[in-house]
There are 2 protein chains.
Amino acid sequence: MLTDAPPNGVRSGQPAAGARRATITDVAEALGVSKGTVSRALNGYPDISDRTRQRVRQAAERMGYLPSAQAKAIRTGRVGAIGLVLQVGEPDEQRPFLADFLAGLTTAASAENCSLTIATAQDDGETRAVLTRLIAERKADGFILPRTRLSDPRIDLLRAAGVPFVLFGRTGDPTGCAWFDLLGEAAMDEAVRRLHAHGHQRIGYLGGGAGLAYNALRLEGYRRALATLGLPCDPALETHGATTMETGAAGTARLLAGAEPPTALVCATDMGALGAHRAAREAGLMVGRDLSLIGYDGVPEGAWVAPPLTTFEVDNRAAGARLAALLIRRIRGEPPEALRETARARLCPRGSDGPPALSSAALARRVAATTSRHHDTKGGRP
Amino acid sequence: MLTDAPPNGVRSGQPAAGARRATITDVAEALGVSKGTVSRALNGYPDISDRTRQRVRQAAERMGYLPSAQAKAIRTGRVGAIGLVLQVGEPDEQRPFLADFLAGLTTAASAENCSLTIATAQDDGETRAVLTRLIAERKADGFILPRTRLSDPRIDLLRAAGVPFVLFGRTGDPTGCAWFDLLGEAAMDEAVRRLHAHGHQRIGYLGGGAGLAYNALRLEGYRRALATLGLPCDPALETHGATTMETGAAGTARLLAGAEPPTALVCATDMGALGAHRAAREAGLMVGRDLSLIGYDGVPEGAWVAPPLTTFEVDNRAAGARLAALLIRRIRGEPPEALRETARARLCPRGSDGPPALSSAALARRVAATTSRHHDTKGGRP
DNA sequence: GTTCGCACCGAAACCGGTTTCGGCAAGGGG
DNA sequence: CCCCTTGCCGAAACCGGTTTCGGTGCGAAC
């Protein structure tokens with residue numbers, strides 16, 4: 001109805017008008033200079049006198065002026081935000097990981113005046129859809145890709161779209177990829193050596209998610225250590241897909257049921273190791289004596305079981321910080337080949353590993369005895 | 001050097017140019033209509049014929065056009081993002097909470113075509129600074145405020161700035177506030193009644209963080225239940241500040257050292273309850289018999305201790321979803337008074353509570369005996 | 001046969017920044 | 001004294017959208 005729009009018109013239904021934020025025009029008018037001068041002064045262009053720059057800086061400070069990220073983005077093409085899309089299908093896998101990781105990401109990002117926009121998806125397809133939407137709407141200048149696969153559709157998508165990204169992990173085809181990763185293979189190697197030093201001869205591997213890059217690397221580290229130490233490398237010592245307690249327990253039961261079961265298990269993930277812990281208990285084995293376990297991740301639950309889990313702690317906060325820093329450099333145009341970093345996870349020795357109390361053969365007999373006894377009494381899981 | 005700017009100029013140093021995203025101008029030109037027509041057609045204005053609307057929709061779809069959120073924001077004043085600033089000072093307090101909560105927030109938000117920008121801060125001061133920066137840079141249209149205080153500086157700040165917000169929790173002065181909260185007081189009431197039904201007479205309270213709104217409400221629920229049931233309400237039965245295992249254990253030790261110790265404890269937080277669990281064990285008490293415990297939060301660690309912790313599970317995912325929905329309605333202009341929701345936490349009965357095996361007096365004697373014995377042998381904590 | 005209203009759409013202003021271009025004044029060299 | 005830099009800044013274009021305003025064509029009413 002009102003044809004003459006009132007200046008600074010209060011739009012009805014709008015929540016509490018509040019003090020309108022200062023714009024660059026306000027600052028320019030207050031100083032009697034042009035918008036361009038204010039912009040150049042604040043962005044450090046060389047063709048502004050020091051005196052003017054000072055005046056502009058002070059006025060901006062005094063008026064509480066900060067440039068609108070959107071308005072800036074529309075011209076520069078950069079939003080000042082990094083993106084992260086989380087896959088929350090499996091609740092078990094990344095729980096403790098998150099808070100520290102986010103803290104690392106955001107603090108490092110805000111040091112460069114960047115914010116973090118995050119989204120979630122249930123599955124792979126939705127992840128891709130969310131990524132394309134975020135790119136199209138220009139909600140982020142680049143992305144962090146956690147939980148990389150050996151062959152990862154997200155990477156293909158971002159590569160094709162020409163959007164910067166950094167992997168948390170490695171991948172099959174590294175061309176054009178920047179990454180930060182923890183040397184899981186080095187940890188597995190260290191774990192095998194430690195168990196060997198304890199006196200173990202048959203050391204098994206409880207692997208993680210198939211197709212995920214970390215699992216291939218950790219498996220490789222495990223196998224290479226076996227080879228170096230001259231230990232038997234037997235397919236019957238390996239199982240995969242142990243990413244939760246259930247799958248970890250099942251995998252461990254499989255390994256223990258073999259003719260020559262391992263007396264120690266190197267586990268790719270702590271959740272799998274906790275499953276192994278439970279399976280051992282159910283088989284009447286004493287963890288740390290009858291069966292040694294070494295995990296990887298440093299999940300807090302590991303400290304809760306008895307005996308507590310020997311594991312490799314990863315500093316998720318530091319990882320997040322590095323990733324953010326790398327991504328921002330990538331967005332600024334540095335080539336991906338120069339942006340590849342790795343770090344080592346730190347061994348955290350606790351009670352779940354030690355010298356073997358039983359030989360493999362003796363262990364096999366114990367297991368056989370226990371399980372046959374259980375078969376009569378035990379029904380389905382409650 | 002090049003004075004004639006090339007169309008679609010490739011900016012050097014820019015990472016992989018990629019296919020330039022389609023803009024509204026591209027769509028308009030492809031159809032031979034004006035930008036305004038495209039905009040109106042896509043945004044559902046009534047003065048566009050159905051035929052034109054269809055043509056525009058299809059062309060946009062075909063060209064993969066999505067309006068840039070920034071460009072849109074500059075005119076409409078709305079970025080299409082909700083903000084969340086997390087305080088990550090104390091790592092213990094909100095760990096498991098996070099992943100589900102974020103999943104709820106983002107899925108509900110993206111249903112309304114909104115994204116989530118998050119930031120972190122170490123302490124209160126930094127939280128305020130981060131908030132003001134996000135507001136000034138217009139990185140979010142409104143904010144979710146978790147872990148509300150009775151008197152909360154963030155609320156004052158947002159109220160003054162006229163920025164929409166929704167509390168996760170309640171607060172002292174509710175004017176202008178919208179919120180979603182779980183009825184902690186109802187849970188505490190239920191816990192007290194349950195313990196009373198078990199036969200407990202002296203029921204204690206292990207409270208959470210001072211100044212936090214939830215603690216006041218839960219304490220109130222506890223006290224009111226005591227009064228209703230005619231149970232003794234004794235200051236010696238209450239302690240506060242038990243938000244971690246350490247503080248929970250210390251508080252429990254204090255309560256147990258009294259002349260008439262409680263035979264059951266209602267705990268405002270699970271982490272505090274887990275500390276009580278440890279303290280009970282260290283005092284030689286059997287949890288669930290000598291000392292009953294009921295927690296609140298449903299942290300996964302509760303299922304790991306023996307006996308497992310009876311607690312109230314909260315659905316953080318649903319909470320996030322409701323909060324996002326409420327905030328978006330708030331941003332769209334609905335009055336805060338209409339945007340207040342609560343839900344109930346669900347009791348999850350496990351093994352840590354039951355009929356009292358000892359009277360309060362007998363418990364006091366047991367505790368006294370154990371601690372005096374311990375005083376000789378026990379040094380500092382390892 | 002005008003006139004009016006209505007449905008539909010184009011032109012252009014606008015949002016808040018950045019960036020290009022050009023102009024003015026001061027200073028230095030010939 | 002003139003010309004050419006150089007330093008500094010204003011004017012205006014531009015980014016990709018939204019929104020206002022006005023105009024056209026058409027059918028109905030007078």
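Numbered from 1 within each chain, the chains take letters A, B, ... in sequence-line order.
Of the residues B:W179, B:F143, B:F101, the one that meets the ring-ring contact (aromatic ring centres under 6.0 Å, His included) test with B:F168 is B:F101.
The shortest non-hydrogen separation linking A:I144 to A:L84 is O-CD1, 3.6 Å.
The phosphate of D:dC8 has neither OP1 nor OP2 within less than 4.0 Å of any side-chain N or O from A:S49. Residue B:Y45 places none of its side-chain N or O atoms closer than 4.0 Å to OP1 or OP2 of D:dT18. Of the side-chain N and O atoms in B:S39, one or more sit less than 4.0 angstrom from OP1 or OP2 of D:dT18. At the phosphate of C:dC15, neither OP1 nor OP2 sits under 4.0 Å from any side-chain N or O atom of B:T76.
Using a 4.0 Å heavy-atom cutoff across all strands shown, A:V38 reaches no nucleic acid atom at all.
Rounded to the nearest 0.5 angstrom, B:E61 CD and B:Q58 CD are separated by 9.0 Å.
B:K139 and A:S115 share a donor-acceptor pair across their side chains, judged by distance under 3.5 Å alone.
When each of A:G36 and A:P46 is assigned the nucleotide of DNA chain D bearing its nearest heavy atom, the one mapping closer to the 5' terminus is A:P46.
Of the candidates D:dG10, D:dG17, D:dC8, D:dG17 carries the atom nearest the B:S68 side chain, counting heavy atoms from C-beta on. Nearest to the side chain of B:N43, among D:dT18, C:dG17, D:dG17, sits D:dT18. Closest to the side chain of A:K72, from the set D:dG10, C:dG17, D:dT18, is C:dG17. In the set C:dC9, C:dC14, D:dC14, C:dC14 carries the atom at the smallest distance from any side-chain atom of B:R75. Here the side chain of A:T52 is nearest to one of D:dC9, C:dC8, C:dG17, namely D:dC9. The listed nucleotides are D:dG17, C:dT18, C:dC9; the one nearest the side chain of A:K35 is C:dT18. Nearest nucleotide to the A:D47 side chain, out of D:dC8, C:dC9, D:dG16: D:dC8.
The base of D:dG17 has none of its N or O atoms less than 3.5 Å from a complementary donor or acceptor on the side chain of B:R40.
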